[in-house]
Amino acid sequence: MSRFIYADHAGTTALSQTALAAMTPYFTEQYGNPSSLYRFGQEAKADLERARADIAACIGAKPEEIFFTSGGTEADNWALKGVVELMALKGKTTGHIITSAIEHHALLHTAQHLEKQGYAVTCLPVDELGRVSPADVEAAIRPDTVLISIMAANNEIGTIQPVAEIGAIARKHKILFHTDAVQAVGHIPVDVEAWNVDLLSLSAHKFQGPKGVGALYVRRPLRLPPLLHGGGQEKGRRSGTENVPGVIGMAAALKEAVAQLEAEGARLSALRDRLIDGLTRLPYTRLTGDPENRLPGTASFVFEGVEGEALLLHLDARGICASSGSACSSASLDPSHVLLAIGLPHAIAHGSLRLSLGADNTDADVNAMLAAVPEVVAYLRNMSPVWDAAEQKPTWVVE
Amino acid sequence: MSRFIYADHAGTTALSQTALAAMTPYFTEQYGNPSSLYRFGQEAKADLERARADIAACIGAKPEEIFFTSGGTEADNWALKGVVELMALKGKTTGHIITSAIEHHALLHTAQHLEKQGYAVTCLPVDELGRVSPADVEAAIRPDTVLISIMAANNEIGTIQPVAEIGAIARKHKILFHTDAVQAVGHIPVDVEAWNVDLLSLSAHKFQGPKGVGALYVRRPLRLPPLLHGGGQEKGRRSGTENVPGVIGMAAALKEAVAQLEAEGARLSALRDRLIDGLTRLPYTRLTGDPENRLPGTASFVFEGVEGEALLLHLDARGICASSGSACSSASLDPSHVLLAIGLPHAIAHGSLRLSLGADNTDADVNAMLAAVPEVVAYLRNMSPVWDAAEQKPTWVVE
Amino acid sequence: MLYSDKVMDHFEHPRNVGSLPGANAVGQVGNPKCGDIMKMYLNIDEDGVITDVKFQTFGCGSAIATSSMATEMIKGKTIQQAMELTNAAVAEALDGLPAYKMHCSVLAEEAIKAALADYYRRRGEAVPENLRLPCGGEEHGCCSCGA
Amino acid sequence: MLYSDKVMDHFEHPRNVGSLPGANAVGQVGNPKCGDIMKMYLNIDEDGVITDVKFQTFGCGSAIATSSMATEMIKGKTIQQAMELTNAAVAEALDGLPAYKMHCSVLAEEAIKAALADYYRRRGEAVPENLRLPCGGEEHGCCSCGA
Ligand SMILES: Cc1ncc(COP(=O)(O)O)c(C=O)c1O
Ligand SMILES: Cc1ncc(COP(=O)(O)O)c(C=O)c1O
């Protein structure tokens, strides 16, 4: 880890040593198939169920409400497509879904896919801090609304949503409520009861669990039709040979994260605030997202007159791993939909930087970033045709 | 491993030491997100692409034709649902799929799901050895047939299908051809060119790779619409943060399996044939599946007057892990659809046993099984009301 | 584990296995199609006490274990007591069964009832109402009634 | 890696960065909306030879690298030679670019053309046909034409 500073924990994390140690025996020793009858398989099954119970406990759910998936993407896809199919089974082939403009693409692209198939989708706007207004949610409800899906915390700008209030509205109107809690679980307190959610997505690699494993919480007695058909694992809801090591690793990582949540949250928030404080002193620089209700580890900015990719590559050359908007969209030409949704002009949205902190980050890392980022920003601005070096201000009139 | 004899390799396998060693660095050291820009992520991306190329080479495909999934089930679901959606995008909302009665549930239940949505599905019968007839496939083709999906090798009875012949028919009629090669890849030679397949499913944990990872081969230039929407990984075809350790482990395991395929196939076939030879000497006992064209490691039987679960549990008590029909369906009351499809009466189909051998099995294991199985069979028959102990024959008239 | 220790104990070491040549009450239920058949042999003395009992079972682990447990539970009991044995009681005595295996405990209850009905029939007596099997015969189908 | 070593070299150590106060040919293309703007400053002598060149770029790694490489490729060349520089040649000189970044090399080609057009305009001469930009102006949109 001394090679570089990893500040992309919202993108993915290293597997924790605890999780690795928990998983290891399941690769070559306890490799039994949980669906098999012999003891060796039934032992794996028992361990799988213990992991399920552990994960359930971490989010205030019952074990039988947790269904394992291959990650957050599958969980998000399943939640939306599952509700739509549930409605279809009841004879309703069209309907309406409420979501927000700043959801992860796993949610938005699934919603768009459903839209193409005839579903109506309302993408609620957010305010300049990236907050969805519960009143907007309520106002958007139509007689045919079948699902409200609002993420718990945003992956690019760290804004935490008023999930409990939105959940209460959904409950009042008897509409199913899903939250993509991929960035929240293991980082802030998550309670499916307090939040009134019916469906919740999580992904292990965001909290030092393994990649390629996640879960969907499905409130009982809701019977969500399967997305993947087959051998009938997960009580027929999600087929496929169970990823036992993955699930064991996820449970171990989550238990650890939740146990340390308060202390680590405080530590990271302090580091994060130092970053925010230091970098927002730069001219023509703004924090993105909510300064108050934000993920402990996520500091996110836009720098006028700087292009994000160039910024990232120069930081990389200085040994700092960071991200500009969502990791997945970094190969795209358009600036992040989240930054546009909070009202940033395209030109400025291109200059975004996300520094997301985690277990391995220290005070020294923050110092190093506080030194490197301003240097790179100044360097790039100075080579830009739209920056007045003498006056230290942009020359452009944006949009 | 000295604790017991594992003879359920067709159910799942232990991760090979090679695969484990290959994966390990990717958990806590090389954990970068392949979709990120910095070198640390791009290195993971490069390794992922090397793994893709390795896997492609093992089945005669091009790297860009391999798409990673969470296992065989997802690959099977994607193949069928993807083709159906592709057709829908072309304006065809109904159509016809040809498959066989002995496919894995990942295939059959997906087909049944599509049937409910208005698709026509023909489940071809098989002969008493479990073989699909290419002539039947050709005869079943209708003007609206969009897909033929026939498995490469059966998971319960080990029968290898005439895939190349079926592929040639599909090609001749310009119909897409999918094969579930989950039991074939890493065990028998697989060549997408020779087989004329357009889509092929594989699952890592069947060849000593990790659980929860697999792939779908998609012949270029076929553009299969995604099953999972989101961040656009896998060229937009399969979203979700890449399971880098999983994919690396899969590639390492497959390379190893393919390198040893001939030698290990010969070794296992010899062990398997000793099992078949020994156990079919028992009265009222038959081999299931094709005696010639069968998976090297799979020996499968039915014993009249014996119930499969009881047989498995007694073998387990003697330290032998085996399976009765498909692992997934062992919690079901109905006997395996495969055994019914090869014409066995229900009563006899209940008495099935699959011993599937792998890397860790030895001559001594076979000896132990050849001693244990007859004992248990005799014991259970003796406590059965439908077995004449004196005459050593069943008393029932079945169906 | 799939089964409790008690189930496994009765499965691995079933009590009272075999046939009872001189039995004066024999009943068989189940269907080979379903993969389980149970046969109960009882010796019932003049006082209506079950003095001996044996069983034969073709079936899964829980079918064998419930047969075994059921024989233990009625041995030395009166016809009246045996008649009152419920499948739930057998399952409970085994520390429970997986939900999808409960039908096997029904089979054990029914096998005893079938044997008792046989006892009445052999004596030319009317078979009490509560010994009638749900599907109207010894050979009821697990798939339709038992599950 | 996303970029070749050559791209990274030109990105990390761009040649000819800055402005050229006395330039007699200046062109700017790109659009802040697209996240890349390139400005080229040329000094062209009486013989039509580009004696000096500088650039300023707001843009991604490949925008910076292609700007840098393009300046190197036209320095000391004649107008005619510079006019013939294609984006493919710039990309090739950089050992290639990822497919979705090829539009940046178009931008470099266009920035030079815009500067050359400016040169003709300043001299009151007609701008040659092949210096007309596809989108009819300096500020063409990357999203619509460049990609
Ligand atoms: C908010 C959010 N939702 C969903 C996902 C998708 O999760 P995964 O990549 O594990 O499928 C991510 C991360 O990529 C995320 O940040
Ligand atoms: C033939 C066949 N197809 C598909 C599958 C499903 O694979 P997985 O369980 O890895 O999803 C299996 C094994 O379970 C199989 O044997």
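First the proteins, then the strands, lettered A, B, ... as listed; each starts at 1. As the structure is a computational prediction, the values presented were derived from the model and not from experiment.
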With no hydrogens and no angle check, just 3.5 Å: does a side-chain donor-acceptor pair link [X] and [Y]?
X      : Y      : result
B:D290 : B:T159 : no
B:S352 : B:S324 : yes
B:W396 : B:E304 : yes

### Summary
From the list B:A349, B:G351, B:A310, the residue making the most non-hydrogen contacts under 4.5 Å with chain C is B:A310
### Query
Of the listed residues (C:L2, C:V17, C:T57), which shares the most heavy-atom pairs with chain B below a 4.5 Å separation?
C:T57
### Query
Hey, what's the ring geometry for B:Y6 with B:H9, parallel, tilted or perpendicular (30° and 60° as the breaks)?
perpendicular
#### Entry: Region of C:S62 that comes under 4.5 Å of a non-hydrogen atom in chain B
backbone
